[in-house]
4 protein chains.
Amino acid sequence: MRTHTHSLRVRYGETDQMGLVYHANYLLYFETGRTELMRAAGLAYRELEERGVYLVVTETACRHRAPARYDEELRIVTSVDRLGKATVRFRYEILGPSGTLLAEGHTELASVDRAKNPVRLPADVTTRLGKSAPPP
Amino acid sequence: MRTHTHSLRVRYGETDQMGLVYHANYLLYFETGRTELMRAAGLAYRELEERGVYLVVTETACRHRAPARYDEELRIVTSVDRLGKATVRFRYEILGPSGTLLAEGHTELASVDRAKNPVRLPADVTTRLGKSAPPP
Amino acid sequence: MRTHTHSLRVRYGETDQMGLVYHANYLLYFETGRTELMRAAGLAYRELEERGVYLVVTETACRHRAPARYDEELRIVTSVDRLGKATVRFRYEILGPSGTLLAEGHTELASVDRAKNPVRLPADVTTRLGKSAPPP
Amino acid sequence: MRTHTHSLRVRYGETDQMGLVYHANYLLYFETGRTELMRAAGLAYRELEERGVYLVVTETACRHRAPARYDEELRIVTSVDRLGKATVRFRYEILGPSGTLLAEGHTELASVDRAKNPVRLPADVTTRLGKSAPPP
């Protein structure tokens, strides 16, 4: 299924007094990863919400292998791991400047409507997320 | 006008690699200060939103006098500084464990409706915010 | 092993445009939970760092059962789940105002020295975290 | 003096339940603005810290003119506003996708050494920040 790589730079405010990136911020990096994967698939998440479909995070997991530091340019490799009728699971790897694996994890999201009731993922979403990205 | 003191403890995730509280987090401490002042005045901000009145932040300012550190218990002294027809200005002082002034600042908020158009502050809000707190 | 309950109130800045608490903030609630468990066990984490022992987060996981909302007072029930020679695993349950389970998860932490090399947990830490809390 | 423009995209976790960017996050956007201005001037802030010079934020101010929203690509126009012997003041304008001014503000920073004592800004820093950027 679809995979996407996005780069971002660590902000000062994302570090903590240990001199490393505070662990909760990896979930924000994951968010950026899946947002950009979806955009690359022609599916801006913002437009999904405008159509009345919301993806709520129901599960997160992250293993930290090595620390990320201030000002480093990180690469987030995001892939669609599992596509259900009303759920999607993304996998993430965060790589440091020299390509070292810093963290890996996944998030599970469920599609709901404005009233927060479960709804099926629209067909075009499933199709676009399911397809592999075309060779670059 | 009304003044209120609230205490909170600095979280690890609120520090940065300088070993001090990251400056943007003071605005979250200010938020807690005014929320608790309003609650003490009988005005839970949450209920204000349920009535369709939102307070949007239009201006913030903060001067940092001395650093706050992890796990310190800070005191936030909040007061209503100016009450307009559709605006309210809060002043804040943040005090460290020994009473030292760490930071001071203000925020200006404007009252808007659900569509984000300016509206007058409800009369009971003005009354409650304008009154001094009763002696404890 | 030791269990501890701590209450905190959701800040406005912790919500997102879905009108719910943004998922990454649960990890900050977990942090508060284990910090307060440790303090109740006579082990301020700040003092541990002053002794040159740091606990770095190596793994996080969270399942979201129901949403938490602005201004709600949440209860975080934290327990020591597993104690190794140089690792400790905490389990968390986050309960809403009416006692509903909103989220549950765990974090794994490893003890390292100032140079970020693994070190054994000091004996007093293991003892204090391992013991059940005395009946209140 | 030097001016620099940097673009960034609003994250979901940076919004709040009003459906807009939470005000404290503008200070993180300001941080990114001055970091990239410094990098463009050949002065990675990270390297400044490695040389033992830290810039601590002593004052922040922000006026909000119009709201920023999720997924918008914002432009941050940063300029060096005032250069003292041991202080530097940056000015910021945040522009929305259509060029509208969303917010403007400034931050004042003081240079300190590792022990957090005031020190003069190194000569090369003053020179680089003081010069206008070459025409592109």
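A, B, ... follow the sequence lines: proteins, then strands. Residue 1 opens every chain.
Heavy atoms of C/Gln17 lying under 4.5 Å from chain A belong exclusively to its side chain. Contacts between C/Tyr22 and chain A at a heavy-atom distance below 4.5 Å involve the side chain alone, from C-beta outward. There is no contact between A/Glu108 and chain C, counting heavy-atom distances below 4.5 Å.
Not one N or O on the side chain of A/Arg34 forms a donor-acceptor pair closer than 3.5 Å with the backbone of A/Thr78.
Classification of the C/Phe30-C/Tyr92 ring pair by plane angle, with boundaries at 30° and 60°, yields parallel. Between A/Tyr26 and A/His64, the ring planes lie perpendicular to each other; the angle is over 60°, past the 30° to 60° tilted range.
Contact count versus chain C (heavy atoms, under 4.5 Å) is highest, among A/Arg114, A/Lys116, A/Arg65, A/His106, for A/Lys116. When each of A/Leu27, A/Val56, A/Thr60 is checked for heavy-atom pairs under 4.5 Å with chain C, A/Thr60 comes out on top.
Other residues, nucleotides and ligands contribute more than 12 heavy atoms inside 6.0 Å of the CZ atom of A/Arg89.
The closest side-chain heavy-atom distance from C/His4 to C/Arg39 is not below 4.5 Å.
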